[in-house]
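This report refers to the structure that appears directly beneath it.
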Amino acid sequence: MTVRLRVAPSPTGDPHVGTAYMSLFNLAFVRQQGGQFVLRVEDTDRARFQADSEAQVYETLAWLGLDWDEGPDKGGPCAPYRQSERLDTYQPYVEQLLGEGHAYHCWCTPERLQEMREDQQRRKVPTGYDRLCLGKTYEDRAALGGAQERPVVRMLIPDDVPLAFTDLIRGEVHAPRPDDQVILKGDGFPTYHLAVVVDDHLMGITHVVRGEEWISSTPKHLLLFDWLGWERPQFAHMPLLRNPDKSKISKRKNPAARLTWFVEQGYLPEALVNFLGLLGYSLPSQEEIFTFAEMSATFDWSRVNTVGPVFDLEKLGWLNGHYIRELSEEDLRARLVPFLADAGLYDGSAGHLDLLTGAVPLVQTRMAVLSEVVDLLRFLFVPEQDFTVDPAAAEKNLVGAEAILTACTDALEALDEWTVESVQAAMDAALIDGLGLKRGKAYAPVRTAVTGSGIAPPLPESMALLGKARVLRRLRAAA
RNA sequence: GUCCCCAUCGUCUAGCGGCCCAGGACUCCACCCUUUCAAGGUGGCUACGCGGGUUCGAAUCCCGUUGGGGGCACCA
């Protein structure tokens, strides 16, 4: 039997980093087994639905190179892959469960349910539906109050509901006893619990890989598989990604919870994939830098941790810097262009292309994320009339440095050939030999005058790229 | 409140009864290199939550405790 796994995001906002995390582990196993990976959109929550969210899921997963074999956008033998388009699919199973006595109608209003729960909490008993509607007709029930006309359908959880199951990562797991879960909402949409079971079965899913937060609802799903006479898939409950305070990673507390944030910041997809693979997992080789293919080749569920890892941006930054340094200069240049262009610094002209080509080797070891290139190379691309010197750097390096700046200006002005070597030779002759300064002391004012900052790429190289005219102008302006 | 899951350096992790007075990586600190900042090199600090067992022997097994997390929706 061929292995089939799925990821099932809900289009309720910006794509979540957890979706990528789950996809990575699903896919690592799928590709190793030669199986198929299904992308299913779980859009049964009309209240939180967001139209552009689905396309963003496709974009970000594709950006990461986490590719799916079947999905709403790609089609496939089990189409449609959007739950909102499968409403007719679920209905017969609801009828079947109702007919066999495994489910019943419930007319309780949200208000009554809430009161019931609050009362249960006050009495310190487990919360759960009290089955007021069980065995009643609408007329019976309406007489009791707190009822509404449109019923929902609930599962009738039996006393002997199986609570234990085998998890690929955790082994034998015991989950809590479920409540009489709603499986069909008043609006006719199935809830997650029904839809996931029906779709997983109909789509031939063999392994359900999902977050730890689903452990407690697994007994409901098991029951549904059993009632419907379907074979149960295998389960793997992944640990939850955490904020630094250990809570479940959230968009409110953590910018890194949004997948698009990584694109905006200039993280490399290969670095993010590598990093996600490091969370809650380690290769048998103990290697920390690896590709998806390497991870997939040796993938093993027993190596997945049960502890929820904190998503540590510090280490991702290091990893990203490593991958940046690994890029060819051409590749890096191409990835840098959008950031410079978005900042309004890069116009795509041949002149700018030449400048950037020359600047890439100067910045390659100086970035943790691609977006840092904007501050690093602003001095090189900024229109001359917009060039400014950072006040703090001016205070520190320009005050009292007139002699250095003048000597440097004079030496450079006399230069016929404008190269890294000639610029450096002229500066050294004028400032080190001429004024008797150490190189560090001598270069600081020049750096600040020319780049506008106390921190910049190597100075003679930067000046060579900048060109004689701009260098002299800035030097004079600062003196 | 209730039920379930989990527990090694600050963080990510190795470890699955002796090879561990616990190894690697990130961070941090020091030094080297050096025109700033990086990168690179070398070295260093820091952990088996606690208490009981089991065993010749426990980070590894069991129990308890504490701590953290998650679920308890007509959300997924």
Side-chain angles (χ1 to χ4, degrees), chain A residues 8-10 12 42-45 47-48 106 108-110 113-114 117 120-128 148 150-154 163 167 170 173-179 181-193 195-196 210-217 237 239-240 242 244-248 275 278-282 284 286-289 302-303 305-319 321-322 325 362-368 372 376 393 397 424 427-428 431-432 438-444 446-448 451 453-460:
Chain A
S10 294
T12 53
E42 309 221 326
D43 54 350
T44 54
D45 184 353
R48 294 201 302 159
C106 171
C108 290
T109 59
L113 292 173
Q114 188 174 340
R117 277 183 215 109
Q120 287 166 335
Q121 277 216 13
R122 261 197 305 278
R123 286 164 37 221
K124 304 184 178 184
V125 300
T127 51
Q148 58 190 187
R150 281 227 69 158
V152 301
V153 176
R154 287 181 184 275
L163 299 177
D167 188 277
R170 292 154 202 270
V173 176
H174 296 262
R177 187 173 201 290
D179 184 16
Q181 176 67 47
V182 171
I183 54 174
L184 192 71
K185 306 182 212 177
D187 62 7
F189 276 61
T191 59
Y192 168 81
H193 303 285
V196 78
R210 58 186 4 173
E212 187 182 0
E213 75 255 47
W214 296 107
I215 289 180
S216 54
S217 43
H237 289 93
L240 255 25
R242 312 290 184 101
D245 69 358
K246 304 276 190 184
S247 58
K248 177 164 79 166
F275 181 67
L278 237 28
L279 296 180
Y281 191 72
S282 61
Q286 277 282 84
E287 233 25 83
E288 297 215 300
I289 299 199
S302 72
R303 295 194 67 84
N305 274 166
T306 46
V307 262
V310 170
F311 196 100
D312 180 19
L313 251 9
E314 206 90 52
K315 188 155 185 174
L316 205 215
W318 164 76
L319 204 51
H322 170 85
R325 277 165 244 136
L362 305 184
V363 297
Q364 188 155 21
T365 61
R366 292 179 165 75
M367 295 180 289
E372 289 170 16
L376 241 23
N397 298 322
Q424 174 149 17
M427 278 201 296
D428 287 356
L431 306 177
I432 298 177
K438 291 195 136 183
R439 183 127 67 191
K441 265 282 194 242
Y443 280 20
V446 182
R447 173 178 300 108
T448 298
T451 68
S453 170
I455 299 171
L459 190 55

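- Between A/Arg48 and B/A73 there is no side-chain polar atom (N or O) within less than 4.0 angstrom of OP1 or OP2.
- Expressed to the nearest 0.5 Å, how far CG of A/Leu459 lies from OG1 of A/Thr451 amounts to 7.5 Å.
- Summarising the geometry, the separation between CD on A/Glu213 and P on B/G70 is reported as 10 Å, rounded to the nearest angstrom.
- Residue A/Thr306 places no side-chain N or O under 4.0 Å from the OP1 or OP2 atom of B/C6.
- Nucleic acid contact class of A/Pro457 (heavy atoms, under 4.0 Å, all strands): base.
- B/G10 and B/G52 are spaced 30 Å apart, taking the C1' atom of each and rounding to whole Å.
- A distance of about 8 Å separates the C1' atoms of B/U60 and B/G15, rounded to the whole Å.
- A donor-acceptor pair under 3.5 Å links the side-chain atoms of A/Asp45 to the main chain of A/Ala47, judged by distance alone.
- Residue A/Arg210 is out of contact with every strand shown, counting any heavy-atom pair closer than 4.0 Å.
- Residue contacts shown for A/Leu278 are limited to sugar-phosphate atoms, with no base heavy atom under 4.0 Å away.
- At the heavy-atom level, A/Pro178 lies nowhere under 4.0 Å from the strands shown.
- The ring of A/Phe275 has its center no closer than 6.0 angstrom to the ring center of A/Trp318.
- Across all strands, A/Gly440 comes closer than 4.0 Å only to sugar-phosphate atoms, never to a base (heavy-atom distances).
- Residue-level contact check: A/Glu314 touches the backbone only, with heavy atoms under 4.0 Å from sugar-phosphate atoms and none from bases.
- Side chains of A/Asp428 and A/Tyr443: a donor on one and an acceptor on the other come within 3.5 Å.
- Contact annotation for A/Arg170: backbone-only contact, meaning every heavy-atom pair under 4.0 Å involves sugar-phosphate atoms and none involves a base.
- Base engagement by A/Thr365 is indicated by at least one non-hydrogen atom pair under 4.0 Å involving a base atom.
- Under a 4.0 Å N-O distance rule, the pair A/Glu288/A/Lys315 qualifies as a salt bridge.
- For A/Asn305, no side-chain nitrogen or oxygen approaches OP1 or OP2 of B/C6 to under 4.0 Å.
- In this structure, NE2 of A/His322 is placed 13 Å from C1' of B/G40, rounded to the nearest angstrom.
- Heavy atoms of A/Arg123 sit nowhere under 4.0 angstrom from any nucleic acid atom.
- In the set B/C75, B/C4, B/C37, the nucleotide with an atom closest to the side chain of A/Lys185 is B/C75.
- As rounded to the nearest Å, B/U8 and B/C3 have C1' atoms that lie 28 Å from one another.
- Listed nucleotides: B/U13, B/U36, B/G1. Nearest to the side chain of A/Ser282: B/U13.
- Atom CD in A/Gln364 sits 9.0 Å away from atom CZ in A/Arg325 (nearest 0.5 Å).
- The gap from the C1' atom of B/C63 to that of B/U27 amounts to 38 Å, rounded to the nearest Å.
- With both pairing distances under 3.5 Å, B/C72 is matched to B/G1 as a Watson-Crick or G-U wobble pair.
- Interatomic distance, CG of A/Asp179 versus OG of A/Ser217, reported as 12.0 Å (0.5 Å rounding).
- Side-chain proximity of A/Lys315 to the nucleotides B/C12, B/A76, B/A73 is greatest for B/C12.
- In this structure, a donor-acceptor pair under 3.5 Å is absent between the side chains of A/Ser247 and A/Arg242.
- Atom CD1 of A/Ile289 is separated from atom P of B/C12 by 19 Å (rounded to the nearest Å).
- Residue A/Thr191 places its side chain closer to B/C74 than to any other of B/U35, B/C74, B/C4.
- OP1 and OP2 of B/G1 both lie 4.0 Å or more from every side-chain N or O belonging to A/Arg122.
- Base engagement by A/Pro458 is indicated by at least one non-hydrogen atom pair under 4.0 Å involving a base atom.
- Nucleotide B/G40 holds its C1' atom 14 Å from the CH2 atom of A/Trp318, rounded to whole Å.
- Distance NE2/A/His237 to OG/A/Ser216: 8.5 Å, rounded to 0.5 Å.
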Check nucleotides 64-69 of chain B against the protein and report each pair of N or O atoms closer than 3.5 Å, with its distance, or say if there are none.
residue	atom	partner	partner atom	Å
B/G69	O4'	A/Arg242	NH1	3.4

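- The residue A/Thr12 sits apart from the nucleic acid: no heavy atom pair falls under 4.0 Å.
- Among the candidates A/Val153, A/Thr191, A/Leu113, the single residue satisfying the side chain to side chain contact (heavy atoms under 4.5 Å, CB included) test with A/Val182 is A/Thr191.
- In this structure, of B/A25, B/A76, B/C4, it is B/C4 that holds the atom nearest to the side chain of A/Pro176.
- Using a 4.0 Å heavy-atom distance criterion, A/Thr127 is classed as a base contact.
- Taking the C1' atoms as reference points, B/C28 lies 12 Å from B/U11, given to the whole Å.
- Phosphate contact (OP1/OP2 of B/U35, side-chain N/O of A/Arg439, threshold under 4.0 Å): present.
- Within 4.0 Å of A/Gln286, counting heavy atoms only, lies at least one base atom of the nucleic acid.
- Relative to the side chain of A/Leu113, the nucleotides B/A25, B/U2, B/C74 differ in distance, and B/C74 lies closest.
- Comparing the same atom, C1', in B/A30 and in B/C48 gives a spacing of 28 Å after rounding to whole Å.
- Note on A/Arg325: a side-chain N or O is less than 4.0 Å away from OP1 or OP2 of B/G40.
- By the 6.0 Å contact criterion, NZ on A/Lys441 is open, its count of non-hydrogen atoms from other residues, nucleotides or ligands being 12 or less.
- Atom CZ in A/Arg447 sits about 8 Å away from atom P in B/C37, given to the nearest Å.
- Only the P atoms considered, B/U66 is 15 Å distant from B/C50, to the nearest whole Å.
- As a whole-Å value, the separation of A/Leu431 CG from B/U36 P is 15 Å.
- For the pair A/Ser10 (side chain) and A/Thr12 (backbone), a donor-acceptor distance under 3.5 Å is absent.
- Between the base of B/G24 and the side chain of A/Glu288 there is a donor-acceptor pair shorter than 3.5 Å.
- For the pair A/Arg154 and B/C74, the criterion of a side-chain N or O lying under 4.0 Å from OP1 or OP2 is met.
- Here A/Val152 lies in heavy-atom contact (under 4.0 Å) with a base.
- Comparing B/C19 with B/A58, their P atoms are spaced 11 Å from each other, to the whole Å.
- Regarding A/Leu163, its CG atom lies at a distance of 14 Å from the C1' atom of B/C72, rounded to whole Å.
- Atom pair A/Asp179:CG and B/C4:C1' shows a separation of 15 Å (rounding to whole Å applied).
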